Amino acid sequence: MGRIGIVVSDFVLSFMWTWAGVLVNILVHGVLGFSRKDTTGEIVRYLFSVISMFVFAFLQKLSRGGLYNPLTALAAGVTGGFGSFIFTVLVRIPVEVIGSILGVKHIIHVFPEIGKGPKLNVAIHHGALTEGVLTFFIVMLSMGLARKIPGSFFMKTWIGSIAKLTLHVLGADLTGGCMNPAAVMGWAYARGEHITQEHLLVYWLGPIKATLLAVWFFNVVFKPLTEEQEKPKAKTD
């Protein structure tokens, strides 16, 4: 798929991702009637969240590279060379942010009573460290899965989904456990808080630095694949 197709896919997936979480909450708490303090309801919500991540993993595969998370795009851009990095920073990430902003705007238009997105419940630097640590581990895991089991869609998605859900739960009471600056930007823009120090440091600077650190650390610890190793990987993909 050409770059225009990738950009369109990024926009559509980012728009859809903001809707996914809202629809899961509506389904679990509105349609099924589970209380937000009900343990069973939380388990059901986690189950639907995993299903949602499988759906988006399939859509990413179907679009041949479409993404909805700027951190994933940044990691791929850094490892793909200077041209890929520039394209990611100047085109893909802004498009993902715009998709998320429009997604949230549409959500609020359809459901005016909906919540206001993730909320920081700790000090700014504590929040930035939290989002950074969560991001570091998920980027490391994603790169490791791509390296170790490149052709197994189900296994990679299953491990990745459970890991993301676990890290989200660990950070939920602190920062929301987001690990996705674009999605947070959508809600922050709706509240008029998208250029505050809190938002920029916690949900952008911390995760971006963690992503770059994770990519550097992974490439230092694990040697790049040789051409012979890349060939079977390409076949399985």
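What's counted below: heavy atoms across the whole structure, side chains too, no hydrogens, waters or symmetry copies. Remember, it's a predicted structure, so these values are computed and weren't measured experimentally.
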Taking atom CD1 of Ile124 and atom OG1 of Thr175, what is their separation to the nearest 0.5 Å? 13.0 Å
Has the side chain of Asn121 got a donor or acceptor atom that lies under 3.5 Å from a matching backbone atom of Asp173? yes
Taking all heavy atoms of Met185 and all of Trp204, pick out the closest pair and write down the distance. SD-NE1, 4.0 Å
Report the distance from atom CG of Leu174 to atom OG1 of Thr130, rounding to the nearest 0.5 Å. 5.0 Å
Any chance you could measure Leu67, atom CG, to Leu74, atom CG, to the nearest 0.5 Å? 11.0 Å
What are the two closest non-hydrogen atoms of Met53 and Thr157, and how far apart are they? O-CG2, 4.3 Å
Answer yes or no: are there more than 12 heavy-atom neighbours, outside Tyr46 itself, under 6.0 Å from its atom OH? yes
Go through it in stages, so that I can follow the logic: the residues are Glu113 and Phe111, the test is side-chain contact (heavy atoms from CB on, under 4.5 Å), and I'd like the CA-CA distance, side-chain angles, deciding distance and then a yes or no. CA-CA 5 Å; Glu113 73 283 357; Phe111 301 107; 3.8 Å; yes
Take the angle between the ring planes of His199 and Tyr203 and call it parallel below 30°, perpendicular above 60°, tilted in between. tilted
Please identify each residue that fulfils side-chain contact (heavy atoms from CB on, under 4.5 Å) with Tyr189, with sequence neighbours left out. Ile101, His194
Would you say Val184 and Trp187 are hydrophobically clustered, going by side-chain heavy atoms of ILVMFWY under 4.5 Å? no
Rounded to the nearest 0.5 Å, what's the gap from CD1 on Ile108 to NZ on Lys116? Could you check? 9.0 Å
Is any side-chain heavy atom of Asn69 closer than 4.5 Å to one of Pro181? yes
Can you tell me how the ring of Trp158 sits relative to the ring of Phe54, calling it parallel under 30°, perpendicular over 60° and tilted otherwise? tilted
Same cluster or not: Phe218 versus Val78, using hydrophobic residues (I, L, V, M, F, W, Y) connected whenever any side-chain heavy atoms lie under 4.5 Å apart? yes
Determine whether more than 12 heavy atoms belonging to other residues, nucleotides or ligands lie under 6.0 Å from atom CD1 of Ile195. no
Please evaluate residues Trp19 and Val110 with respect to the criterion side-chain contact (heavy atoms from CB on, under 4.5 Å), reporting the C-alpha separation (whole Å), side-chain torsions for both, the decisive distance (0.1 Å), and the verdict. CA-CA 11 Å; Trp19 266 98; Val110 176; 4.0 Å; yes
Would you please test Ser63 and Leu13 for side-chain contact (heavy atoms from CB on, under 4.5 Å) and show each step? CA-CA 10 Å; Ser63 64; Leu13 289 177; 4.2 Å; yes
Leu134 and Gly177: which non-hydrogen atoms are nearest, and at how many Å? CD1-CA, 4.0 Å
Applied to residues 71-92, the ring-ring contact (aromatic ring centres under 6.0 Å, His included) test, sequence neighbours excluded, yields none
Atom pairs and distances, donor-acceptor, side-chain atoms in residues 28-40, under 3.5 Å, two or more places apart:
unit_1, atom_1, unit_2, atom_2, d
His29, ND1, Phe34, O, 3.0
Ser35, OG, Lys37, N, 3.2
Asp38, OD1, Thr40, N, 3.0

So, the side chain of Ser52 versus the backbone of Phe48: is there a donor-acceptor pair under 3.5 Å, distance only? no
Side chains of Met143 and Phe222, heavy atoms from C-beta outward: is any pair under 4.5 Å? no
Taking C-beta and beyond as the side chain, do Gln60 and Tyr68 meet within less than 4.5 Å on heavy atoms? yes
Calculate, to the nearest 0.5 Å, the distance between atoms OG and CZ belonging to Ser9 and Arg64 respectively. 11.0 Å
Can Met179 be reached from Phe56 by stepping across I, L, V, M, F, W or Y side chains whose heavy atoms are under 4.5 Å apart? yes
Distance-minimising heavy-atom pair for Leu201 and Pro207: O-CD, 4.5 Å
Smallest separation among heavy atoms of Gly127 and Leu120, with atom names: CA-CD1, 3.8 Å
Write down the atom of Ser161, the atom of Val50, and the distance for their closest heavy-atom approach. CB-CG1, 4.2 Å
Nearest 0.5 angstrom please: Thr18 OG1 to Leu23 CG, how far? 9.0 Å
For residues Phe11 and Leu102, determine if any side-chain heavy atom of one lies less than 4.5 Å from a side-chain heavy atom of the other. yes
Taking C-beta and beyond as the side chain, do Trp17 and Asn180 meet within less than 4.5 Å on heavy atoms? yes
According to a hydrophobic-cluster definition based on side-chain heavy atoms being under 4.5 Å apart (Ile, Leu, Val, Met, Phe, Trp, Tyr only), do Ile26 and Met16 belong together? yes
Quick check against the 3.5 Å criterion: does His168 have a side-chain atom that pairs as donor or acceptor with the backbone of Gly176? yes
Does one hydrophobic cluster hold both Leu170 and Val122, with members joined at side-chain heavy-atom distances below 4.5 Å? no
Parallel, tilted or perpendicular: which describes the rings of Phe217 and Phe136, with under 30° parallel and over 60° perpendicular? tilted
